[in-house]
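A short worksheet on the structure shown next.
For this chain, numbers begin at 1 and follow the sequence in order. Just so we're clear, the structure is a prediction, and the values are computed from it rather than from any experiment.
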Amino acid sequence: MNGLTEVTIAFETSHLVFPSLIAGVLAILGLAILIRERRSIAASGGYWRETFAKMDKLRFLGTMALTVLYFSLMVPVGNVWPNTGLGFLICSIPYVFLSGLIFLHDRGLRAVAPVAITALVAPTLVWWLFTDLFFLTLP
């Protein structure tokens with residue numbers, strides 16, 4: 001009876017419980033969608049062929065590459081200054097700036113200046129909010 005009032009937490013793996021549950025629910029829902037919509041999915045080849053032919057491949061693939069690079073570099077950069085959130089800040093500024101540049105049609109100084117200001121201010125504000133107000137550590 002004494003063991004019923006004790007709780008032990010394995011801190012090495014406890015943070016993985018909720019994401020694992022969400023991943024399982026999403027996998028089950030995805031499988032249900034695949035089963036229910038199998039005919040329309042099988043017949044959608046022409047639609048996707050047309051979509052890929054018309055899409056802006058530079059912007060799409062550039063954004064995908066930037067995002068993978070951003071998430072890949074954040075932890076190693078953050079490990080240089082652990083528990084400060086500088087990995088987030090140092091990686092987010094160029095990510096926001098380059099993402100903005102990818103989607104600009106006119107890349108003159110008047111168009112690039114707001115992107116540069118946003119790239120400096122937004123990540124710095126988020127970093128400050130999490131670090132000083134919420135006392136949460138970013139990568």
Side-chain angles (χ1 to χ4, degrees):
M1 190 66 141
N2 199 16
L4 293 176
T5 59
E6 295 178 13
V7 175
T8 57
I9 299 173
F11 288 105
E12 299 82 28
T13 58
S14 64
H15 65 284
L16 300 174
V17 171
F18 191 68
S20 299
L21 287 173
I22 295 298
V25 168
L26 288 175
I28 291 169
L29 290 173
L31 185 62
I33 291 170
L34 281 173
I35 291 170
R36 192 184 74 197
E37 302 293 331
R38 64 187 175 275
R39 287 185 188 94
S40 60
I41 291 172
S44 66
Y47 168 78
W48 287 110
R49 204 170 10 264
E50 182 180 335
T51 300
F52 288 132
K54 290 182 179 179
M55 79 177 198
D56 188 343
K57 291 174 185 63
L58 176 67
R59 288 190 172 118
F60 177 74
L61 297 174
T63 302
M64 291 295 118
L66 270 177
T67 303
V68 168
L69 190 65
Y70 172 66
F71 284 112
S72 298
L73 289 177
M74 194 182 308
V75 171
V77 171
N79 286 339
V80 175
W81 301 280
N83 301 322
T84 60
L86 287 176
F88 167 82
L89 184 62
I90 291 169
C91 290
S92 294
I93 291 171
Y95 175 74
V96 172
F97 181 71
L98 293 173
S99 295
L101 282 183
I102 285 176
F103 287 96
L104 279 179
H105 291 286
D106 174 32
R107 291 190 178 91
L109 184 59
R110 281 184 80 101
V112 173
V115 173
I117 292 168
T118 302
L120 287 171
V121 172
T124 305
L125 180 63
V126 170
W127 174 73
W128 175 76
L129 282 171
F130 274 83
T131 304
D132 290 344
L133 293 181
F134 300 142
F135 299 109
L136 294 173
T137 305
L138 295 168

* How close do Val115 and Gly100 get, heavy atom to heavy atom, and via which atoms? -> CG1-CA, 3.9 Å

* To do: Go through the steps to decide whether Leu120 and Ile93 satisfy the test side chain to side chain contact (heavy atoms under 4.5 Å, CB included), and finish with yes or no.
  => CA-CA 6 Å; Leu120 287 171; Ile93 291 171; 3.9 Å; yes

* Asked: Has Arg107 got more than 12 heavy atoms of other residues, nucleotides or ligands less than 6.0 Å from its CZ?
  -> yes

* Under a 4.5 Å side-chain heavy-atom rule over Ile, Leu, Val, Met, Phe, Trp and Tyr, are Phe103 and Ile117 clustered together? -> no

* To do: Report, as yes or no, whether the 6.0 Å neighbourhood of atom NZ on Lys54 holds more than 12 heavy atoms from other residues, nucleotides or ligands.
  => no

* To do: Determine whether Leu89 and Thr124 make a side-chain contact, defined as any pair of heavy atoms from C-beta on separated by less than 4.5 Å.
  => yes

* Does Met74 belong to the same Ile/Leu/Val/Met/Phe/Trp/Tyr cluster as Leu136, with side-chain heavy atoms less than 4.5 Å apart forming each link? -> yes

* What is the distance from atom CG of Leu26 to atom CD1 of Ile33, rounded to the nearest 0.5 Å? -> 9.5 Å

* Asked: Transitively linked via ILVMFWY side-chain contacts under 4.5 Å: Phe130 with Val121?
  -> no

* Kindly say whether Ile41 contributes a backbone atom to a donor-acceptor pair with the side chain of Ser44 at under 3.5 angstrom? => yes

* Asked: Applying the 4.5 Å side-chain criterion to the ILVMFWY set and letting contacts propagate, would Leu101 and Leu109 be lumped into a single cluster?
  -> no

* Asked: Is Leu61 reachable from Trp48 through a run of hydrophobic residues whose side-chain heavy atoms are each under 4.5 Å from the next?
  -> yes

* Out of curiosity, Arg59 CZ to Leu104 CG, how far, rounded to the nearest 0.5 Å? -> 8.5 Å

* Asked: Between CG of Asp132 and CH2 of Trp127, what distance do you get to the nearest 0.5 Å?
  -> 7.0 Å

* With rounding to the nearest 0.5 Å, note down the distance linking CG in Leu125 to OG1 in Thr118. => 11.5 Å

* Structure fact -> Rounded to the nearest 0.5 Å, the CG atom of Leu86 sits from the CG atom of Asn79 at a distance of 12.0 Å

* To do: First locate atom CD1 of Ile90, then atom OG1 of Thr84, and finally report the distance between them rounded to the nearest 0.5 Å.
  => 7.5 Å

* **Heavy-atom pair with the smallest gap, counting every atom of Phe60 and Met55** => CD2-CE, 3.4 Å

* Could you check if a side-chain atom of Thr67 sits within less than 4.5 angstrom of a side-chain atom of Tyr95, using non-hydrogen atoms only? => yes

* Mind checking whether Val112 and Phe97 have side chains closer than 4.5 Å, heavy atoms only? -> yes

